[in-house]
Trainee: 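Structure provided below as structure tokens; questions to follow.
Counting from 1, the numbers follow the sequence of the chain as shown.
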Amino acid sequence: MICAAALLLTGCGRNGYSDIPSFSFEPKSSSSSESKPVTSGSTISEGDTEPHSETSETSDTSETSTSAPVIGEPRTLVLSHDPINEKSIEIDGDVMTVTARTSDNSIENIYASENCVTIDIRLNANGFTAVIRLTDPSYDSVDITFGYDDGISEIVYFKIGENGFEPYDLSNITEDNTAAAEKTLTQPENQVAEYIVEGGDAKEIRKVMDEIQELSDEICGGINNDYDRLRAIERWVAANVYYDYPAYDMGIPAETLSLRYILDNHSSVCGGYSNMVSALCAAQGIKCWNVHGSAITNGRTFALSDDGVYHEWNFAEVDGRIIWLDACWDSYCTLSRDGEYNNGGIGYRYFDIGAEYFATNHHSNYAEYRDYFALLK
């Protein structure tokens with residue numbers, strides 16, 4: 001059951017977010033939440049392979065597609081639009097200027113994959129500014145890694161051309177992501193029912209959705225705008241749903257994607273994270289879609305490989321703007337193969353991530369809308 005009065009994370013959030021309610025359950029075992037060593041790539045959950053349903057109808061949600069970059073012209077690469085964690089890179093020939101607000105975790109270091117740049121980082125009250133200068137143009141490429149004090153890191157990939165730093169052209173993936181958001185599908189009610197509870201029993205559906213409404217209201221209590229409600233929901237799911245490796249090993253039984261299963265077991269795989277996010281959003285009247293596509297893991301990028309795996313995530317529409325989010329990849333909480341619940345904390349990279357940067361490792365196939373509460377009418 002869900003304890004509406006519980007206001008503390010169950011050890012899953014390293015950064016002490018006492019304003020995010022949690023499931024009232026005690027994990028079988030809790031691992032240390034000490035910072036992980038910074039590596040050359042971000043630590044992310046493995047991609048999933050699971051069945052999905054064909055759906056119908058379309059939505060008019062839209063986003064402006066990104067054209068291929070013009071080589072040599074100054075440009076901006078947005079890593080995050082989130083006003084409390086915003087980050088962007090101004091690229092102008094041999095110089096890149098990184099401007100970041102880091103409300104949730106402080107920058108610990110920035111380093112390059114090749115000895116061809118200098119990095120001057122200056123901290124300020126809200127975040128940092130870094131100036132990265134190319135000193136040896138003989139290299140073909142360089143990866144820049146941002147390492148934070150919670151042990152999580154993120155990588156940005158650049159080519160080096162005759163005009164200096166050049167982001168890889170991922171406009172085709174960005175356009176596919178935009179197309180999926182523009183022409184969404186609506187999932188039939190009988191399929192939505194299975195995402196609520198296996199078997200789709202009407203009484204059990206109502207019970208589950210009552211619990212979802214109560215939980216969503218608890219998460220969003222005192223928050224007065226949809227953007228902050230969406231962030232609170234994404235963080236809550238990342239902090240309180242554990243990646244279910246036993247379910248993954250069993251081929252992901254359909255039950256493990258259902259809201260009933262997640263409420264009872266506090267675990268799922270990527271499709272379950274996505275399902276829980278969209279259901280909690282629906283309870284607040286926030287339009288949120290479930291996206292099916294491919295992702296590339298282990299700190300790699302579609303710019304250098306097309307070896308993606310099946311994955312699910314979300315986008316939401318708030319104030320007419322598309323917001324990409326992936327609670328699964330912001331979660332470092334896992335249910336191990338020996339049944340241990342391991343609290344690894346949460347990340348902040350995959351909420352309202354820049355569309356071009358998101359295309360580094362997320363490629364959308366299609367997006368569907370689930371009208372959970374229509375089943376109660």
Trainee: Taking atom types as modelled and ignoring hydrogens, do the side chains of Asn275 and Tyr372 form a donor-acceptor contact shorter than 3.5 angstrom?
Mentor: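 Asn275 vs Tyr372: donor-acceptor pair found between side chains.
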Trainee: Please identify which of these residues, Glu198, Glu194, Glu211, meets the salt bridge (Lys or Arg N to Asp or Glu O under 4.0 Å) condition with Arg260.
Mentor: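 It is Glu211, the one option of Glu198, Glu194, Glu211 that forms the salt bridge (Lys or Arg N to Asp or Glu O under 4.0 Å) with Arg260.
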Trainee: Is the cationic atom of Arg235 (NZ for Lys, CZ for Arg) positioned less than 6.0 Å from the six-membered ring centroid of Phe351 and within 45 degrees of its normal?
Mentor: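 No, cation not above the ring by the 6.0 Å, 45° rule.
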Trainee: Charged N to carboxylate O below 4.0 Å: is that the case for Lys377 and Asp371?
Mentor: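 Here Lys377 does not pair with Asp371 in a salt bridge, since their nearest N and O are not under 4.0 Å apart.
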Trainee: Are side-chain N/O atoms of Ser274 and Asn290 paired as donor and acceptor at under 3.5 Å?
Mentor: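 Yes, Asn290 and Ser274 have a side-chain donor paired with an acceptor closer than 3.5 Å.
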Trainee: Do we see a donor-acceptor contact under 3.5 Å between the side chains of His362 and Asp326?
Mentor: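 The answer is yes; a qualifying pair exists.
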Trainee: Looking only at the side chains, is there a donor atom on one of Tyr350 and Glu234 sitting less than 3.5 Å from an acceptor on the other?
Mentor: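 No donor-acceptor contact under 3.5 Å links the two side chains.
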Trainee: Can you tell which of Gln213, Arg206, Lys207 makes a side-chain contact (heavy atoms from CB on, under 4.5 Å) with Asp210?
Mentor: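 Going through the options one by one, the only one that passes is Arg206.
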Trainee: Within 45° of the six-membered ring axis of Phe165 and under 6.0 Å from that ring's centre, is NZ or CZ of Lys159 located there?
Mentor: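 That pair does not qualify as a cation-pi contact.
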Trainee: Could you tell me whether the side chain of Asn298 and the main chain of Arg300 form a donor-acceptor pair under 3.5 Å?
Mentor: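 Checking the backbone N and O of Arg300 against the side chain of Asn298, no donor-acceptor pair under 3.5 Å is found.
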Trainee: If you look at every heavy atom in Ala180 and Ser364, which pair is closest and at what distance?
Mentor: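 Smallest heavy-atom distance, with atoms named: CB-CB, 3.7 Å.
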Trainee: Inspect the contact between Asp330 and Arg349 and indicate whether a charged nitrogen and a carboxylate oxygen are less than 4.0 angstrom apart.
Mentor: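 A salt bridge is absent here (no side-chain N lies under 4.0 Å from a carboxylate O).
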Trainee: Testing the basics here: between Ile196 and Leu375, what is the closest heavy-atom pair and its distance to 0.1 Å?
Mentor: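 The pair with the smallest heavy-atom distance is CD1-CD1, 3.6 Å.
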